[in-house]
K.L.:
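Mind having a look at this structure? Questions to follow.
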Amino acid sequence: MIQEKQEDCYVVLARRTIEEYVRTGRQIQAPDDLPQEMCEQRAGVFVSIKINDGQQTRLRGCIGTIQAVQRSIAEEIIHNAISAAVKDPRFAPITPEELDRLVISVDVLGCMEPIHTMEQLDAKRYGVVVTNGYRRGLLLPNLEGVDTVEDQVMIAKQKAGIGWQEEVQLERFEVVRHF
């Protein structure tokens, strides 16, 4: 597959994880040859899976963590790749027949920064977290079809079950997106 030849080590780890889990039901261990930052640093990570049907690419799964839960970025990728592949409640689990058509990206989240107004957001540069009580929604930055801050906040509110008119606390964050 052409896509695999261009993937960096973050995406290669996610792909290997997904392929092994879908084929065998087993979770891989982080390989020893990963860059030091993947093994020693911690961060929230989102794994997004799209499928290319030859004419278009559509979302097939996306799961992540706002803050680090695992001991390293590598372990966060492994855990979230499995969840995105087989536990995203919006989709049926990925099948072995789909594996060669997957397009995968890995977003490593930066620190959350509280903000006070939507004017401090930029839908292309910053992701957003909206919070109202126990309800919390996140939307990654620079997503296809999300062109305005208003769209970004509205979608994050919908994901959290927060009404458009309800007040929220806002946080922003940057990501490093790996393809």
Side-chain angles (χ1 to χ4, degrees), residues 1-112 127-129 135-146 155-156 158-161 173-179:
M1 175 199 303
I2 296 171
Q3 181 73 23
E4 289 183 55
K5 293 179 184 173
Q6 301 169 356
E7 294 174 342
D8 74 6
C9 58
Y10 291 74
V11 177
V12 168
L13 177 60
R15 182 175 298 282
R16 286 182 187 161
T17 299
I18 292 164
E19 289 175 350
E20 180 68 21
Y21 195 85
V22 168
R23 288 188 175 122
T24 70
R26 289 191 298 259
Q27 178 176 315
I28 68 169
Q29 297 297 315
D32 294 332
D33 61 346
L34 292 175
Q36 186 174 1
E37 70 267 10
M38 288 179 72
C39 299
E40 295 179 1
Q41 294 179 10
R42 298 178 75 221
V45 170
F46 272 74
V47 176
S48 300
I49 305 169
K50 295 182 179 179
I51 190 159
N52 185 332
D53 67 8
Q55 296 185 359
Q56 66 177 358
T57 303
R58 60 182 168 78
L59 186 64
R60 190 62 181 79
C62 180
I63 297 285
T65 46
I66 295 174
Q67 297 174 331
V69 176
Q70 306 299 322
R71 293 179 295 182
S72 67
I73 290 173
E75 288 182 24
E76 206 82 34
I77 291 169
I78 291 168
H79 182 270
N80 293 342
I82 291 170
S83 294
V86 301
K87 297 178 183 174
D88 188 326
R90 300 170 292 178
F91 304 99
I94 289 175
T95 65
E97 296 76 31
E98 295 175 295
L99 292 174
D100 65 345
R101 297 182 291 139
L102 300 181
V103 178
I104 301 167
S105 62
V106 174
D107 289 308
V108 179
L109 279 61
C111 294
M112 297 292 152
V128 66
V129 175
R135 298 174 295 170
R136 195 171 194 199
L138 176 145
L139 199 66
L140 295 169
N142 200 21
L143 296 177
E144 186 177 332
V146 182
I155 294 167
Q158 287 173 340
K159 290 175 74 173
F173 60 93
E174 293 183 284
V175 302
V176 176
R177 183 162 290 153
H178 299 270
F179 297 95

K.L.:
Taking side chain as C-beta onward, heavy atoms only, is L139 less than 4.5 Å from K159?
P.N.:
yes
K.L.:
Do Q36 and E40 get their side chains close enough for a donor-acceptor pair, meaning under 3.5 Å?
P.N.:
yes
K.L.:
E76 side chain to G44 main-chain N or O, any donor-acceptor pair under 3.5 Å?
P.N.:
no
K.L.:
Please give me the minimum heavy-atom distance between A81 and I18, naming the atom from each residue.
P.N.:
O-CG1, 3.7 Å
K.L.:
Can you give me the closest heavy-atom contact between V128 and A156, atom names plus distance?
P.N.:
CG1-CB, 4.1 Å
K.L.:
Got Y10 and I73 here, is their nearest side-chain heavy-atom distance under 4.5 Å?
P.N.:
yes
K.L.:
Under a 4.5 Å cut-off applied to non-hydrogen side-chain atoms, are Q27 and I82 in contact?
P.N.:
yes
K.L.:
Quick check against the 3.5 Å criterion: does D107 have a side-chain atom that pairs as donor or acceptor with the backbone of V175?
P.N.:
no
K.L.:
For the side chain of D8 and the backbone of V11, is there at least one donor-acceptor N/O pair under 3.5 Å apart?
P.N.:
yes
K.L.:
If we only count heavy atoms from C-beta on, is the R136 to I66 side-chain gap below 4.5 Å?
P.N.:
yes
K.L.:
So, taking the atom named CD in E20 and the one named CG in L99, what distance separates them when rounded to the nearest 0.5 Å?
P.N.:
11.0 Å
K.L.:
Any idea which heavy atoms bring F179 and S105 closest together, and the distance?
P.N.:
CD2-CB, 4.2 Å
K.L.:
Do the non-hydrogen side-chain atoms of N52 and K50 ever get within less than 4.5 Å of each other?
P.N.:
no
K.L.:
Can you give me the closest heavy-atom contact between L59 and C62, atom names plus distance?
P.N.:
CD1-CB, 4.2 Å
K.L.:
Between R177 and P141 (side chain of the first, backbone of the second, donor and acceptor by atom type, cut-off under 3.5 Å), is there such a pair?
P.N.:
yes
K.L.:
For a 4.5 angstrom cut-off between non-hydrogen side-chain atoms, does L138 reach F173?
P.N.:
yes
K.L.:
Please determine whether side-chain contact (heavy atoms from CB on, under 4.5 Å) holds for the pair F46 and L109, giving the CA-CA distance in whole Å, both sets of side-chain angles, and the decisive distance to 0.1 Å.
P.N.:
CA-CA 8 Å; F46 272 74; L109 279 61; 3.7 Å; yes
K.L.:
What is the distance from atom SG of C111 to atom CD of Q67, rounded to the nearest 0.5 Å?
P.N.:
9.0 Å
K.L.:
With rounding to the nearest 0.5 Å, note down the distance linking NE2 in H79 to OG1 in T17.
P.N.:
11.5 Å
K.L.:
Taking T95's backbone N and O only, do any of them form a donor-acceptor pair with E98's side chain (distance below 3.5 Å, no angle check)?
P.N.:
yes
K.L.:
Hey, could you give me the CZ/OG distance between R60 and S48, rounded to the nearest 0.5 Å?
P.N.:
13.5 Å
K.L.:
Compare every heavy atom of I77 with every heavy atom of M38, then report the nearest pair and how far apart it is.
P.N.:
CE-CD1, 3.8 Å
K.L.:
Can you confirm whether I49 sits close enough to D88 that some side-chain heavy atom of one is under 4.5 Å from a side-chain heavy atom of the other?
P.N.:
no
K.L.:
Compare all side-chain heavy atoms of I28 with those of L13 and state whether any distance is below 4.5 angstrom.
P.N.:
yes
K.L.:
Give a yes or no on this: more than 12 heavy atoms of other residues, nucleotides or ligands lie within 6.0 Å of atom CZ of R42.
P.N.:
yes
K.L.:
Looking only at heavy atoms, what is the nearest atom pair of L34 and A74, with distance?
P.N.:
CD1-CB, 3.7 Å
K.L.:
Taking atom CD as the centre, does Q56 end up with more than 12 heavy-atom neighbours from other residues, nucleotides or ligands that are less than 6.0 angstrom away?
P.N.:
yes
K.L.:
Looking at R16, I want to see if its CZ is surrounded by more than 12 non-hydrogen atoms of other residues, nucleotides or ligands under 6.0 Å.
P.N.:
no
